[in-house]
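A short worksheet on the structure shown next.
Just so you know, these numbers come straight off a predicted model, no measurement behind them.
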Amino acid sequence: SAAAPEIRSVALAERASSAGRALPELQIPTRRDAAPSGPAPAHAAPALLDAWFAEYGTAVSRAVIASSAQRSELTQRVIIGPDDRVRIRDTQTVPYRWICDLVIRAANGSSWLGTGWLAGPRTVITAGHCVYMRRQGGWVRRVDIYPGRDGAQIPFSLVSDRPRSVAGWVDGARPESDYGALVLPEPVADAAAWFDSMALSDGELAGLTVNLVGYPTDKEMGTMWGHARGLKEVHAETLGYDIDTYGGQSGAPVVRWVGNGRYGVVGIHNYGDLSGNSATRITRGVLKNIDRWKE
C-alpha cells in the first residue's frame, strides 16, 4: 500500500545504528513540522481520560486534567522536550490500519480511552490497565475498537467484551506485566491485517530505531499521531525510549520495520516519565501469551 504522502523516513542520523529498521513512512520532523507544544486547543479537550488515570489518577488529578491547561503537567505519557509528533492522515495504509482507537467501558460504568493493535485475526493487544482496572471494578465490561480511525472518519468498528491479561498484572499489579488483550467475536475481514509480534534479543534491540503510533487525548478526538526514535534502555522485561507520547496512547505498539512489507511489534507502551517513556518488552513469555490469545 502507498504510504501517507506527508510521512517520510526517519532522519539518517537517527537510524545510523539500525539502518532500515524504522517504519519508512515515519520520521522525526524538523522543527517547522513539529506539533505545537503547550496546552491542547479547546476543540481537542478530551471528554474522556486516558485509561492510565483509571488505575493511577486521583480524583483531583482527573478533574484538573479534564478541565484545564494543567493537563500537560499531570499527564503520565510525556512529551520529552519539544513536541516532535507527526499526524498520520492516511490511516488506511499499512501498517497504520492495524492500530486501533479504544473507547473503554469499565465495570463501574465509567469510560476511558486507550490504544491497541491487531496481533491476529481476532486479537487486539493493549496495556493491562486498558482491560483490567482494579480501581474501577476490575475487568472492563466492553471496549469499542476503531482500527485505522482518523477523527470522524471511522472505516469500521469492532466490539469486545472478552478482556484478557496475566496474573502479574491482575493479581500483582506489576508494571512490567501491564499488558493484555481483547478477543474479538469474529475475525477481521482482512486476512493479513495485523502486526507480527517479535521477541528480539538484547543485541537486536540495543539502539534499534522504533516507531510509536497511537491516539493521544491532547489532539483532536480520534486522530492518530506518531514519533520515531532509538531505544534508550533495554531491560529484561521493559524497554525505555525518549519517544513523545501522551495520554490515550496506553497500549500503543512499539514497532520495528522488518522489510518487505512486514512490521513487528517489540513492546507494548504503558508508562511515562520526564526521564523517558517505557513499554512492556515482548519476551518469549509475553509472545507465548499473545499466541494463546489468538483464538
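Met198 has its side chain within reach of Arg262: a pair of non-hydrogen atoms, C-beta onward, lies under 4.5 Å apart. Side-chain contact between Val159 and Ile145 is absent, with no heavy-atom pair separated by less than 4.5 Å. Put simply, the side chain of Arg164 does not reach to within 4.5 Å of the side chain of Val131, judged on heavy atoms.
Shortest non-hydrogen contact noted between Leu239 and Val266 is CD1-O, 3.5 Å. Taking every heavy atom of both residues into account, Tyr215 and Cys100 meet most closely at CE1-C, 3.6 Å. Nearest heavy atom pair, residue Ala106 against residue Met133, reads CB-SD, 3.9 Å. Annotation for Ile290 and Ala119: closest pair CG2-CB, 4.2 Å, computed over non-hydrogen atoms.
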* Could you go step by step and tell me if His235 and Glu233 meet the side chain to side chain contact (heavy atoms under 4.5 Å, CB included) rule? -> CA-CA 6 Å; His235 301 293; Glu233 298 176 351; 3.2 Å; yes

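In this structure, CH2 in Trp117 is found 5.5 Å from CD1 in Ile268, a value given to the nearest 0.5 Å. If you take CD1 on Ile104 and OG on Ser250, they are separated by 8.0 Å, rounding to the nearest 0.5 Å. In this structure, the separation between CZ on Arg85 and CG on Asp244 is 6.5 Å, given to the nearest 0.5 Å.
Considering only residues two or more places apart in sequence or on other chains, Thr115 meets the side chain to side chain donor-acceptor pair (under 3.5 Å) condition with none of them. Residues satisfying the side chain to side chain contact (heavy atoms under 4.5 Å, CB included) test with Ala279, not counting sequence neighbours, are Tyr241, Val254. For Ser160, there are no side chain to side chain donor-acceptor pair (under 3.5 Å) partners two or more places apart in sequence or in a different chain. Contacts of Asp161 classified as side chain to side chain contact (heavy atoms under 4.5 Å, CB included), with partners at least two apart in sequence or in another chain: none. Not counting sequence neighbours, the partners of Asp144 by the side chain to side chain donor-acceptor pair (under 3.5 Å) test are Arg142. Checked against side chain to side chain contact (heavy atoms under 4.5 Å, CB included), Asn260 has no partners two or more places apart in sequence or in another chain.
The pair Arg97-Asp150 does not count as a salt bridge, with every side-chain nitrogen at least 4.0 angstrom from each carboxylate oxygen. The pair Lys288-Asp291 does not meet the salt-bridge criterion, since no charged nitrogen lies less than 4.0 angstrom from a carboxylate oxygen.
Applying the salt bridge (Lys or Arg N to Asp or Glu O under 4.0 Å) rule to pairs touching residues 101-119 yields Asp101-Arg149, sequence neighbours excluded. A ring pair (Phe, Tyr, Trp, His ring centres under 6.0 Å) check over residues 136-157, counting only residues at least two apart or in different chains, returns the pairs Tyr132-Trp139.
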Listed pairs under 3.5 Å, donor-acceptor, residues 176-187 side chains, sequence neighbours left out:
unit_1, atom_1, unit_2, atom_2, d
Ser177, OG, Arg174, NH1, 2.7
Asp178, OD1, Gly128, N, 2.7
Asp178, OD1, His129, N, 2.8
Asp178, OD1, His129, ND1, 3.4
Asp178, OD2, His129, ND1, 2.7
Asp178, OD2, Tyr271, OH, 2.6
Tyr179, OH, Asn289, ND2, 2.8

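In this structure, the side chain of Arg281 does not engage the main chain of Thr238 through any donor-acceptor pair within 3.5 Å.
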